[in-house]
Amino acid sequence: MASRTRILRRFYRRDTLEVARDLLGCVLCRRVSPGLVLRGRIVEVEAYDGPDDRASHAHRGKTGRNAPMFAAGGIAYVYRIYGVHHCLNVVTGPRDYPAAVLLRATEPPLAGRSASGPGLLCRAYDIDQGLDGCSLAGRELWLEKGPAIANRQLRRTPRIGVDYAGAWARRAYRFVARGHPAASGPKRMR
DNA sequence: GGTGCGATTGCA
DNA sequence: GCAATCGCACCA
């Protein structure tokens, strides 16, 4: 049985890029019923770091939607996108510093349930806005330590789908387990 | 109160 | 290549 060490709040209240890198290999855990916990290793994430990051929802200040990003690290930020899908973020850093890490892909939590891409990930783990703002060390949703991803297995690329963000779009804020079959995005980005 | 669009996905 | 589909940000 793999170790099931739950990740503590202080893990998230650090530099966002460091948290993003360290989240690779960690295990996303979601209780979908009293008797069933879905688990999957995180293999792809993106950092959204601070008020100046033009790709971030927070770059125009605090709003109703992005308020969880301004809380202290260790909670979820879940939003709806295109009216169709949900995206799950891990809020990072200290209070009043808006930052989060988007979880883009994990290993499939169940056979036949793809978690490659942020929308599919939320579908796979039954995550919607009901979990917005909830603790990442709670009963419904939490993370555990997992087998680390070695530096040579790690790849950094620009973030996906943020071309509007100018120079910020070119920053290497996406972290992916190199060549992992569950990673999303264009082939050349894996 | 009206309008435009998105940190995506799946199908033509 | 593009439709789906709607909450939210922004402007009036």
Side-chain angles (χ1 to χ4, degrees), chain A residues 12 15-24 26 28 30 40 42-71 73-93 97-110 112-134 136 141 143 155-177 180-190:
Chain A
Y12 304 102
D15 176 82
T16 304
L17 292 173
E18 290 183 16
V19 175
R21 188 260 173 269
D22 293 344
L23 280 171
L24 286 184
C26 291
L28 177 64
R30 164 76 169 128
I42 296 167
V43 298
E44 181 189 356
V45 300
E46 287 176 357
Y48 290 83
D49 187 22
D52 299 326
D53 182 351
R54 284 185 52 202
S56 170
H57 289 168
H59 87 279
R60 284 182 213 260
K62 194 172 186 174
T63 68
R65 178 177 67 161
N66 67 23
M69 292 186 73
F70 289 75
I75 66 171
Y77 167 43
V78 182
Y79 64 90
R80 204 191 224 321
I81 185 158
Y82 295 105
V84 182
H85 306 288
H86 296 276
C87 292
L88 170 64
N89 292 256
V90 166
V91 174
T92 61
Y97 182 82
V101 176
L102 172 68
L103 303 190
R104 290 193 56 94
T106 72
E107 291 178 345
L110 288 174
R113 212 187 272 213
S114 169
S116 299
L120 291 174
L121 184 152
C122 285
R123 177 184 299 184
Y125 291 88
D126 192 23
I127 288 165
D128 63 21
Q129 283 169 303
L131 293 174
D132 188 33
C134 83
L136 290 174
L141 189 66
L143 277 79
R155 185 163 181 212
R156 291 182 63 167
T157 79
R159 293 169 290 188
I160 292 173
V162 296
D163 291 344
Y164 55 83
W168 287 87
R170 294 188 286 278
R171 293 200 178 198
Y173 278 14
R174 175 172 174 266
F175 299 75
V176 55
H180 196 285
S184 75
K187 215 172 213 175
R188 67 176 187 286
M189 301 272 277
R190 301 179 238 165

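Naming convention: chains lettered A, B, ... in sequence-line order (proteins, then strands); numbering from 1 in each chain.
Nucleic acid contact for A:L102: base, since at least one base atom lies under 4.0 Å from a heavy atom of the residue. Within the nucleic acid shown, A:R159 has no heavy atom closer than 4.0 Å to any nucleic acid atom. Among the heavy atoms of the strands lying under 4.0 Å from A:V162 are primed sugar atoms or P, OP1, OP2 only; no base atom is included.
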Inset, instruction - Let me see the working for A:H85 and A:C122 under side chain to side chain contact (heavy atoms under 4.5 Å, CB included), right down to the final yes or no. - result: CA-CA 8 Å; A:H85 306 288; A:C122 285; over 6 Å; no
Inset, instruction - Report the C-alpha distance between A:H180 and A:E107 in whole Å, list the side-chain angles of each, state the deciding distance to 0.1 Å, and finish with yes or no for side chain to side chain contact (heavy atoms under 4.5 Å, CB included). - result: CA-CA 9 Å; A:H180 196 285; A:E107 291 178 345; 3.1 Å; yes
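Of the candidates B:dT8, B:dG10, C:dA9, the closest approach to any side-chain atom of A:R104 belongs to B:dT8. Here B:dA7 is the nucleotide among C:dA9, B:dG10, B:dA7 with the atom lying nearest to any side-chain atom of A:S56. Residue A:R80 has its side chain nearest to C:dC6 when only C:dA9, B:dA7, C:dC6 are considered. Nearest to the side chain of A:R60, among C:dA9, C:dG7, B:dG6, sits C:dA9.
Distance A:H86 NE2 to C:dC6 C1': 11 Å, rounded to the nearest Å. Between A:I81 atom CD1 and B:dG6 atom C1' there is a gap of 5 Å when expressed in whole angstrom units. Rounded to whole Å, the distance from CG on A:N66 to P on C:dG7 is 18 Å. The interatomic distance linking A:R171 (CZ) with B:dA7 (P) rounds to 18 Å, in whole Å. In this structure, A:H59 atom NE2 and C:dC10 atom C1' are separated by 12 Å, rounded to whole Å. Here B:dA7 presents its P atom at 11 Å from CE of A:M69, a figure rounded to the nearest Å. The distance from atom CG of A:L120 to atom C1' of B:dG10 is 9 Å, rounded to the nearest whole Å. What separates OH of A:Y164 from P of C:dA9 is a distance of 13 Å, to the nearest Å.
OP1 or OP2 of C:dC8 has not a single side-chain nitrogen or oxygen of A:T63 nearer than 4.0 Å.
Screening A:D53, A:L102, A:V45 against A:R159 for a side chain to side chain contact (heavy atoms under 4.5 Å, CB included) leaves a single residue, A:D53.
Pairing partner, B:dA7: none, since no Watson-Crick or wobble contact has both distances short of 3.5 Å.
A:D49 places no side-chain N or O within 3.5 Å of a backbone atom of A:A99 that could act as its donor or acceptor partner.
Applying the 5.5 angstrom centroid cut-off and the 30 degree plane-angle cut-off, the aromatic ring of A:Y82 is not stacked upon the base of C:dA4.
A heavy-atom distance below 4.5 Å is not found between the side chains of A:D128 and A:V78.
B:dG2 and C:dT5 have their P atoms separated by 23 Å, with the value rounded to a whole Å.
Mapped onto DNA chain C by nearest heavy atom, A:H85 and A:Q129 fall at different nucleotides, with A:H85 at the one closer to the 5' end.
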